[in-house]
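Per chain, numbering begins at 1; letters A, B, ... match sequence-line order.
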Number of protein chains: 2
Amino acid sequence: MNSFTEENYLKSIYHLSVIDGETVSTNSIAAATHTKAASVTDMLKKLADKKLIHYAKYQGVSLTDTGKQIAIAIVRKHRLWEFFLVEKLNFKWDEVHELAEELEHITSAELVDRLDKFLDYPKYDPHGDPIPDNNGRFKQAELKPISALEVNTVGIIMGVREHAPAFLQHLEKIGLTIGNQIQLTEIADYDHSVTLNLNNNKTINISRDVAKNILVSI
Amino acid sequence: MNSFTEENYLKSIYHLSVIDGETVSTNSIAAATHTKAASVTDMLKKLADKKLIHYAKYQGVSLTDTGKQIAIAIVRKHRLWEFFLVEKLNFKWDEVHELAEELEHITSAELVDRLDKFLDYPKYDPHGDPIPDNNGRFKQAELKPISALEVNTVGIIMGVREHAPAFLQHLEKIGLTIGNQIQLTEIADYDHSVTLNLNNNKTINISRDVAKNILVSI
DNA sequence: AGATAAATTTAGATGAGTCTAAAAAAATGA
DNA sequence: TCATTTTTTTAGACTCATCTAAATTTATCT
């Protein structure tokens, strides 16, 4: 079996490869796992020995099929537990990420599948991320950050790129959450901040940084 | 915070002190944690430094108030998760112990209390063990092993002393489970095996070893 | 291309938790 | 009681995951 730590490396490599493309750098893994590059190198050798990653010195890494399968299984667990925490235990969406970081390492595959059934096979977690099925299959809906929309575009908020509680609490505070319909009415030339019309007729202004981290379907 | 490993030692010491009385021996802890006595001694020093146990060389150990509080919190989590697994995810009572051994180490106290509420504050887990409330309080019902009953006594099965899947599966097989009413009709002189009448009018015979591990209220 | 900067790897050390083997203390029993 | 057995502790070593500091490789820039 793979240790808690090995699982976290695989998960980080997976997430980074989705964002940064096929191969992932040692430094980016160090940043994601809150460790130092030297520690990452040690672990990469170990994961390569186990044939969970493709690794050539100085060349970055990518997951093998087996490694990817394990990573996706962890992501599945993480998102199902998040859904459970919000839907059944009434946690708020900004409270569940840390908890799911622990729960995702519970080993039993049987448990995950039963949890999935109990929750009635949800397709998306509370942050709008797709939940892989028990074969690891899922489709990422075609989403764009608000920062990439043109003026007058209408969209529905489907997810976020940033899961930090501070960010999610900020969204709560300005009145944005998953499912909201928004229309982009203006992009400021000066700072690229964005003005949105909500369908409760309120108008709000968000910074480019915030706009980059909110994903919509159009 | 305390590590996964430290928590398991505290839990083991707690369980052993319930069975064996106030102070617990190094060897019994080694057996309970599947380690060697030398490893236990090392850990006892560490737990004593943290003031979680009272420890004097060669004299056995007992939990401090703090240590006991932590141990009971772990027991509470273990039993709540077992209840969840059986009641909500439809696991069988012999399947949940191992899973709960992992789940009991999830740290959040908030999570446990919300789980408790979600489950509607259950008083007993699937094996009949009492679930401590969020102040660590619980009452152990007055239970006797069947092996301690006299002939003709009627009782209701309330719990088991042994949680190994093999034992629980054996009970399933011979038709005994929690809530069953039984009447002890005979104790064999030869091997102390016991004959029981169930309230479906079936009669079964169980060995003394099995009788010692089934707890009834009379 | 050559110099400098950045990224990565190696070398050697640390702490947690475990082990075996040997020493020390406590319990047992003739 | 005192010799023997059992229990417990000490001593020293190992693995895992981490670190810092130094060396090496790759990338970048003029």
Would you tabulate the nitrogen or oxygen pairs shorter than 3.5 Å linking the protein to nucleotides 25-29 of chain C?
| from | atom 1 | to | atom 2 | distance (Å) |
| --- | --- | --- | --- | --- |
| C:dA25 | O4' | B:Y58 | OH | 3.4 |

Check the pair B:D133, B:F138 against side-chain contact (heavy atoms from CB on, under 4.5 Å), reporting the backbone distance first and the verdict last. CA-CA 6 Å; B:D133 69 19; B:F138 65 98; over 6 Å; no
message = Please determine whether side-chain contact (heavy atoms from CB on, under 4.5 Å) holds for the pair A:E186 and A:V151, giving the CA-CA distance in whole Å, both sets of side-chain angles, and the decisive distance to 0.1 Å.
response = CA-CA 6 Å; A:E186 198 186 338; A:V151 170; 5.7 Å; no
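For B:K88 and B:F118, the positive end sits near the middle of the six-membered ring, less than 6.0 Å away and at most 45° from its axis.
Residues B:E102 and B:W81 have side chains that never bring a donor and an acceptor to within less than 3.5 angstrom of each other. No side-chain donor-acceptor contact under 3.5 Å links B:D125 and B:H78. In summary, the side chains of A:K50 and A:N2 do present a donor paired with an acceptor at a separation below 3.5 Å, with no hydrogens or angles considered. Between the side chains of A:N27 and A:S25, not a single donor N or O lies within less than 3.5 Å of an accepting N or O.
Among the heavy atoms of the strands lying under 4.0 Å from A:Y9 are primed sugar atoms or P, OP1, OP2 only; no base atom is included.
Considering only side-chain N and O atoms, B:Y55 lies under 4.0 angstrom from the phosphate OP1 or OP2 of D:dT9. Put simply, A:S25 has no side-chain N or O that comes within less than 4.0 Å of OP1 or OP2 on C:dA7. Between A:K45 and C:dT10, a side-chain N or O to OP1/OP2 separation shorter than 4.0 Å is present.
Listed by first and then second residue, the side-chain hydrogen bond (donor to acceptor under 3.5 Å, both in side chains) pairs that reach into residues 206-218 of chain B come to none, sequence neighbours excluded.
Atom CD1 of B:I53 and atom P of D:dT8 are 13 Å apart (whole Å). Atoms CG (A:D49) and P (D:dC16) sit 11 Å apart, rounded to a whole Å. Straight-line distance from the CG atom of A:D42 to the P atom of C:dT14: 16 Å, rounded to whole Å. We find that CE of A:M43 is positioned 10 Å from C1' of D:dT18, with the value rounded to whole Å. In this structure, CG of B:N27 is placed 13 Å from C1' of D:dT5, rounded to the nearest angstrom. Going from atom NZ of A:K50 over to atom P of D:dT15 covers 15 Å, rounded to whole Å.
Minimum interatomic distance between B:P122 and B:L80 (heavy atoms only, all atoms of both residues): CG-CD2, 3.8 Å.
Within residues 32-41 of chain B, the residues approached by DNA chain C to less than 4.0 Å at the level of any non-hydrogen atom are B:T35, B:K36, B:A38, B:S39, in residue-number order.
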